[in-house]
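Input: a single structure, listed below in structure tokens.
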2 protein chains.
Amino acid sequence: MAKEVKLFGIWASPFIRRVELSLKLKGIPYEYIEEDLSNKSPLLLNYNLTHKKVPLLVHNEEPMAESLVIFEYLDEAWENNPLLPHDPYQRTMAHFYAKFIEEKLSRGIRKEKEQAMEEVQQLKILEDELKGKQFFSGQRIGYVDIAANVLLWFHMMGEITGEKTLTTDKFPIINGWIEKPLKMDVVNECLIPKEKRQDWIELSRKVAGCASNDINLRDHGENYLF
Amino acid sequence: MAKEVKLFGIWASPFIRRVELSLKLKGIPYEYIEEDLSNKSPLLLNYNLTHKKVPLLVHNEEPMAESLVIFEYLDEAWENNPLLPHDPYQRTMAHFYAKFIEEKLSRGIRKEKEQAMEEVQQLKILEDELKGKQFFSGQRIGYVDIAANVLLWFHMMGEITGEKTLTTDKFPIINGWIEKPLKMDVVNECLIPKEKRQDWIELSRKVAGCASNDINLRDHGENYLF
């Protein structure tokens, strides 16, 4: 029998792994379908509402796109293991910081180096917010920590290429925070396996400079990683 | 006695009016504080967590930024007149389309004309979604309609300058949808008054090309409208 939750994605994208991590943390069974960007599956094309983008999640035939939007859905539709705080103000802060990481930091890091560094200075705000905390909302991994997995991927890229954006001496707390989830098996399951990391770096370099957040599976076969 | 909800903003921004509209629709009493961008109030600067941006909402001394994040807070903290659908999938669609309007459309319209037009083509998706609907989620104004007030402002700008992006012949349903809230007094209260529209156009032209969504009250006195 087909599973009720389907996730369409590509192996090389942190945005898709972010959705997988949420599914695993909440214990939701799902079927993962790897897409070939140059030869999209008829199943994916069928859900045209979502502009042929990945990640695409389908629950009981209802399609949805955008990793953080999907995240909210999962946390609302499955009540166990909540990943967002219950308190309205704490939720708001989580939403604010996830948006902040998404827009200011992860996009900033991908821009021209000089401009990027200016935006990275905003990390100071996050550094202050994280002081004395285990995870963003307390003792358990949650929404903001999962949203920040994009930073973990850039960190992983820096480890391989030597071009580090988040230097340990400038942002020791953020560095510690980013690496903390690495102690969890479930997080490691949602990272690029060691043997594929060199391929990933090469693929990423090919598409560097692309501003799109999620991945458009374009007809002319362009591959967008981030 | 000071009201418990304070909103800091500037008159010329649709993002601030979006928050005001939500407050009015939910019947939440608030105090509005108009900021002078070249001479920020000590009260605003005091809430440094929010990066000195407007809109800034303060509830019981807790500050928060980003218009759609604030919107979510208001709808959660005040249960009356809910503006987001209760059903998890309908909520997800509302989140998706608000993000879509925010990122793809309102930013797209502000970009270089040619690139903008490509993104505006995505309006076709929204046009289809709105077929046969009064407001986005049914008979009452809600989250997506409020998020789309940015489009209403561009529409209003087009009416004055003659440079229309959303042409009625191409997107009749969207045009009808955008104008529908104009029949509501509360929406008109949250628009630029007629006598100030020419000033607003001139101010907007001065800051055209700025990619920032909310407004940074920068030390060097640069004014960002959108």
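In what follows, chains are A, B, ... by sequence order, proteins preceding strands, each numbered from 1. Worth saying up front: this structure is predicted, and the values here are computed from it rather than measured.
Of the N and O atoms on the side chains of B:Glu4 and B:Tyr30, not one donor lies less than 3.5 Å from an acceptor on the other residue.
Between the side chain of B:Ser13 and the backbone N or O of B:Gly9, no donor-acceptor pair lies under 3.5 Å. The backbone N or O of A:Phe71 lies less than 3.5 Å from no partner atom in the side chain of A:Arg18, so there is not a single donor-acceptor pair.
Checked against side-chain contact (heavy atoms from CB on, under 4.5 Å), B:Glu127 has the following partners two or more places apart in sequence or in another chain: B:Phe171, B:Pro172, B:Ile173, B:Ile174. The side chain to side chain donor-acceptor pair (under 3.5 Å) check on A:Glu34 picks up A:Tyr32, with sequence neighbours excluded.
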Begin from the C-alpha positions of A:Asp128 and A:Lys124 and carry the test salt bridge (charged side-chain N to carboxylate O under 4.0 Å, His left out) through to its verdict. CA-CA 6 Å; A:Asp128 290 344; A:Lys124 185 70 180 59; 3.1 Å; yes

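Near-neighbour residues of residues 72-82 of chain A relative to chain B, defined by a heavy atom under 4.5 Å from a heavy atom of that chain, comprise A:Glu72, A:Tyr73, A:Glu76, A:Ala77. Listed by sequence position, the residues of residues 131-143 of chain A in contact with chain B number zero, using a 4.5 angstrom heavy-atom cutoff.
The two residues B:Ile101 and B:Ala148 come nearest to each other via the heavy atoms CD1-CB, 3.9 Å.
Within the 4.5 Å cutoff, the side chain of A:Phe8 has heavy atoms near those of the A:Leu43 side chain.
When the options B:Phe96, B:Phe100, B:Tyr97 are evaluated for a side-chain contact (heavy atoms from CB on, under 4.5 Å) with A:Val69, the one that passes is B:Phe96.
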